[in-house]
Amino acid sequence: AHLYFSDADLQHYDTNLKLYPPLRTEADRDAFRHAVVSGTIDCIASHHMPHEYDSKTCEFEFAQPGMLALETAYGVTGAALQGALTPERWVQLVAINPRTIFGLAVPSITAGNPAVVTLFDPSATYTFTREMIRSRSANTPFVGKTLTGKVYGIINQQHILI
C-alpha cells in the first residue's frame with residue numbers, strides 16, 4: 001500500500017488507509033518505488049492486518065490501523081511499479097529474500113516432494129472487486145482500483161486453491 005498510496009489519498013478520511021506506519025508524502029512514496037526498483041530495498045512485505053467491521057467503521061481518529069493485503073499484494077505492486085519488476089524479481093523480494101534474511105530454508109521444486117506453486121499472470125490487468133475478497137475481513141481501499149498482475153491460484157499440500 002505504501003508503494004501505491006500517499007498521504008494525499010487521505011483527504012476523504014478513508015479508514016482503510018489508516019496504516020501503521022502511516023502513509024507518507026508523494027515524494028516518499030516515489031522514493032520507496034525507486035528504492036525497490038534499484039535494489040536498495042531488498043524485501044517487500046504485504047503487512048496484512050485485516051480488521052473486523054467495527055474497527056474500521058468509525059471516525060478516522062479511532063479506527064485501527066491496517067488492511068487486508070495478501071489478496072492484493074501482487075496486483076498492487078504491479079500497478080504501483082508499472083512493469084519495472086520482472087516476475088522473478090518480485091518472487092525474490094517477497095519470498096526468497098525474507099527467508100534468507102530470517103535464516104529459513106528456501107523452498108524448491110524437487111522430484112518426489114510436494115510443490116508449493118503460485119499461478120499468476122504478470123501482465124493481466126483487472127479491477128479488484130469486493131467479490132474477489134476471500135478474507136473474512138473486507139477492509140481494503142483497493143476495491144474499484146485497476147491492478148496489474150493477477151494471481152489465479154495456488155497449489156499447496158496437494159490442494160489447488162483458486
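All residue numbers in this chain count up from 1 along the given sequence. Just so it is clear, the model here is predicted, and its values are computed rather than measured.
- Using a 4.5 Å heavy-atom threshold, the side chains of Tyr74 and Thr118 count as separate.
- How far CG of Asp9 is from CD of Gln11: 7.5 Å, rounded to the nearest 0.5 Å.
- The CZ atom of Arg29 sits 5.0 Å away from atom OG of Ser6, with the distance rounded to the nearest 0.5 Å.
- Distance CG/Leu93 to CG/Leu81: 9.0 Å, rounded to 0.5 Å.
- With contacts defined as side-chain heavy-atom distances shorter than 4.5 Å, the pair Val143/Ile133 qualifies.
- When every heavy atom of Pro65 is checked against every heavy atom of Leu19, the shortest pair comes out as CB-C, 3.7 Å.
- Screening Thr86, Asp42, Asn97, Thr100 for a side-chain hydrogen bond (donor to acceptor under 3.5 Å, both in side chains) with Gln92, the sole residue that qualifies is Asn97.
- Side-chain contact between Pro87 and Arg89: absent, with no pair of heavy atoms (C-beta onward) separated by less than 4.5 Å.
- Of the possible polar contacts, none joining the Lys145 side chain to the Phe128 backbone as a donor-acceptor pair under 3.5 Å is found.
- Minimum interatomic distance between Pro50 and Ser137 (heavy atoms only, all atoms of both residues): CB-CB, 3.4 Å.
- Of the inter-residue distances, the one linking Ile109 atom CD1 with Ile155 atom CD1 reads 9.0 Å to the nearest 0.5 angstrom.
- In this structure, Leu70 is not a member of the same hydrophobic cluster as Val151, with clusters built from ILVMFWY side-chain heavy atoms closer than 4.5 Å.
- The backbone N or O of Thr110 lies less than 3.5 Å from no partner atom in the side chain of Ser108, so there is not a single donor-acceptor pair.
- For the pair Phe142 and Glu71, the minimum side-chain heavy-atom distance is 4.5 Å or more.
- The shortest distance between side-chain heavy atoms of Arg24 and Asp7 does not fall below 4.5 Å.
- A donor-acceptor contact shorter than 3.5 Å links the side chain of His2 to the backbone of Pro21.
- Transitive grouping of hydrophobic side chains (ILVMFWY, heavy atoms separated by less than 4.5 Å) keeps Val117 and Ile154 in distinct clusters.
- Expressed to the nearest 0.5 Å, how far CE of Met49 lies from NZ of Lys18 amounts to 11.0 Å.
- In the hydrophobic cluster analysis, where Ile, Leu, Val, Met, Phe, Trp and Tyr join through side-chain heavy atoms closer than 4.5 angstrom, Val36 is grouped apart from Leu23.
- Note on Val37 and Trp90: same hydrophobic cluster, where clusters join Ile, Leu, Val, Met, Phe, Trp and Tyr whose side-chain heavy atoms are under 4.5 Å apart, directly or indirectly.
- Of all heavy-atom pairs spanning Glu26 and Ala8, the tightest one is OE2-CB, 3.5 Å.
- Closest of all the heavy-atom pairs between Asn139 and Lys56 is ND2-CE, 3.5 Å.
- For the side-chain contact (heavy atoms from CB on, under 4.5 Å) with Val76, the qualifying choice from Leu147, Thr148, Thr140 is Leu147, the only one to do so.
- Panel note: side chain Arg33, backbone Leu3; a donor-acceptor pair is recorded below 3.5 Å.
- Contact detail for Met132 and Lys150: the closest heavy-atom pair is CE-NZ, 3.9 Å.
- Note that CG of Leu104 and CD1 of Ile96 are 11.5 Å apart. Values are rounded to the nearest 0.5 Å.
- Closest heavy-atom contact between Tyr152 and Ala124: OH-CB, 3.8 Å.
- In this structure, the ring of Tyr4 has its center no less than 6.0 angstrom from the ring center of Phe32.
- Side-chain atoms of Asp14 and Pro141, non-hydrogen and from C-beta on, do get closer than 4.5 Å to each other.
- Linking Ile, Leu, Val, Met, Phe, Trp and Tyr residues whenever their side-chain heavy atoms come within less than 4.5 Å places Met67 and Phe60 in a single cluster.
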